[in-house]
Asker: 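What follows is a single structure, and I will ask about it in a moment.
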Amino acid sequence: MYSVKCIECGKENSEESYNCECGGLLEVRINLDQVEIDFKLNGKDLSVWKYRSLLPVKIEPISLKEGGTPLYRLERLEKELGIRRIYVKHEGLNPSGSFKDRGMTVGVTKAIEFNRKAVACASTGNTSASMAMYAARAGLKAYVLLPAGKVALGKVAQALMHGAEVIGIKGNFDDALRIIREVCDRLRIYLLNSVNPFRLEGQKTIAYEIVDEIGVPDRVVLPVGNAGNISAIYKGFKEFLELQLIEWLPKMTGIQAERSAPVYKAFIEKKDNIEPVSNPETIATAIRIGNPVNAKKALKAIYESKGLAEIVSDDEIISAQKLLAKNGIGVEPASAASVAGLIKLAKAGMIESDEKVVCITTGNLLKDPETAIKVSGEPKIVEASVEKVMSLM
Ligand SMILES: *Cc1c(COP(=O)(O)O)cnc(C)c1O
Ligand SMILES: [Zn+2]
């Protein structure tokens with residue numbers, strides 16, 4: 001039904017490995033010619049598990065009803081930028097508040113299949129929140145490694161409340177990932193970072209849901225951190241193309257924060273791999289990553305689909321976060337990078353006026369309340385009287 005293969009040498013690997021002997025990234029290959037599609041693309045009952053026939057699991061999944069996120073149109077922004085259609089798929093409305101849940105429902109299900117008792121990840125925050133939630137649901141022990149002091153408050157709160165063992169390290173995300181990979185190898189703990197190819201299988205359902213609801217768009221714009229999600233979404237579209245459910249691929253467009261932008265730099269230099277950035281910084285902590293493990297897959301997705309990469313500043317990110325908020329869509333800073341990037345590209349004339357564009361907003365506003373208050377200002381405080389209150393209105 002499926003196999004796990006190296007994207008470099010093509011060798012088939014064990015389901016339980018994260019890397020080929022040759023060092024290459026692994027990918028799950030679904031045998032598409034043997035799949036019996038049992039879903040209808042009718043825009044109804046969207047969820048990760050609607051597409052179970054294309055997902056590589058053998059047991060009843062550990063699910064918290066992830067996916068089925070809303071697609072909102074941004075009519076005012078369409079007019080302002082002169083673009084035919086702009087949609088936002090709000091992944092912040094998943095159970096733990098980010099798209100990571102799509103990957104975790106599959107990843108944690110595989111941990112059970114593989115008879116593991118514990119799971120672990122390094123995280124900029126959302127992976128840990130999601131993993132802690134799904135591990136709790138499954139009754140597994142969860143270990144989380146975070147860059148101390150660099151994780152948004154809401155995410156740490158979730159990881160702790162759902163019972164993960166949370167360890168802060170005096171280093172950045174890239175250090176945390178290097179360390180947890182070795183720890184997982186030594187202790188036979190199941191690693192649930194996006195090097196884990198099963199995570200990406202769950203996340204590819206973002207593409208399926210978009211097609212299900214509005215057909216294939218011309219472009220998908222999303223923030224890029226560890227570069228798993230852009231690779232996963234592209235894989236979803238490619239599978240639908242191979243199954244002849246769609247007729248073209250959208251241009252995959254990855255947005256990075258300007259001081260955490262190795263994928264952008266490789267794209268500008270037309271390279272197929274990155275050079276790591278050693279001290280990544282940005283207000284968008286979810287994409288504060290200097291050495292994205294899935295960079296090769298992401299660059300392939302961008303090049304093959306004739307997409308783009310772009311960078312945005314922290315100020316542009318915050319403006320886009322406020323613009324989304326004013327349209328009723330509450331997102332965390334990293335998510336707003338997608339819309340910030342679209343605005344920048346449109347103003348530079350890089351987007352055609354007849355395009356149908358989908359921006360992915362990856363995480364919920366409540367994830368990072370501290371930044372939200374910092375950029376919006378504190379509430380005004382007055383004495384408890386009608387006059388005083390009215391004087392402020
Ligand atoms: C994880 C995450 C990203 C980055 O996704 P990658 O797959 O690492 O590129 C972007 N935004 C949010 C909110 C995230 O949690
Ligand atoms: Zn290999």
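Whatever order the structure lists ligands and atoms in, that order sets their numbers, starting from 1.
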Asker: Testing Val339, Val331, Asp368 for side-chain contact (heavy atoms from CB on, under 4.5 Å) with Gln321, which one passes?
Answerer: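 Only match with Gln321 under side-chain contact (heavy atoms from CB on, under 4.5 Å): Val331.
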
Asker: Looking at Tyr134, Phe198, Tyr190, which hits side-chain contact (heavy atoms from CB on, under 4.5 Å) with Val108?
Answerer: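 Single pass found, and it is Tyr134.
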
Asker: Would you confirm whether Ser313, through its side chain, and Glu316, through its main-chain N or O, come within 3.5 Å as a donor-acceptor pair?
Answerer: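 Yes.
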
Asker: Which heavy atom of Thr109 sits nearest to which heavy atom of Pro61, and what is that distance?
Answerer: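 Looking at all heavy atoms of both residues, the shortest contact is OG1-CA, 3.5 Å.
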
Asker: Is Glu242 salt-bridged to Lys238, going by a charged N under 4.0 Å from an acidic O?
Answerer: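 No, Glu242 and Lys238 are not salt-bridged.
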
Asker: Polar pairs, ligand 1 vs protein, N/O only, below 3.5 Å.
Answerer:
unit_1	atom_1	unit_2	atom_2	d
ligand 1	7 (O)	Gly228	N	3.2
ligand 1	7 (O)	Asn229	N	2.8
ligand 1	8 (O)	Asn226	N	2.7
ligand 1	9 (O)	Gly225	N	2.8
ligand 1	9 (O)	Asn226	N	3.3
ligand 1	9 (O)	Ala227	N	2.8
ligand 1	11 (N)	Thr362	OG1	2.7
ligand 1	15 (O)	Lys100	NZ	2.6
ligand 1	15 (O)	Asn126	ND2	2.7

Asker: Between Asp175 and Asn172, is there a donor-acceptor pair closer than 3.5 Å when you use the side chain of the first and the backbone of the second?
Answerer: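 The answer is yes, because a donor-acceptor pair under 3.5 Å joins these two groups.
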
Asker: Which heavy atom of Val151 sits nearest a heavy atom of Lys155, and at what distance?
Answerer: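 Closest approach of Val151 to Lys155: CG1-CB, 4.1 Å.
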
Asker: Please report the shortest heavy-atom distance between Gly290 and Pro262, naming the atom on each side.
Answerer: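 So the two residues come closest at O-CG, 3.4 Å.
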
Asker: Listing residue and atom name, which protein N/O/S atoms are closer to the Zn ion (ligand 2) than 2.8 Å?
Answerer: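 Cys6 SG, Cys9 SG, Cys20 SG, Cys22 SG, with waters left out.
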
Asker: Counting only N and O atoms by type, is there a donor-acceptor contact under 3.5 Å from the side chain of Asp101 to the main-chain atoms of Ser96?
Answerer: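 Side chain of Asp101 to backbone of Ser96, a donor-acceptor pair under 3.5 Å: yes, one is there.
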
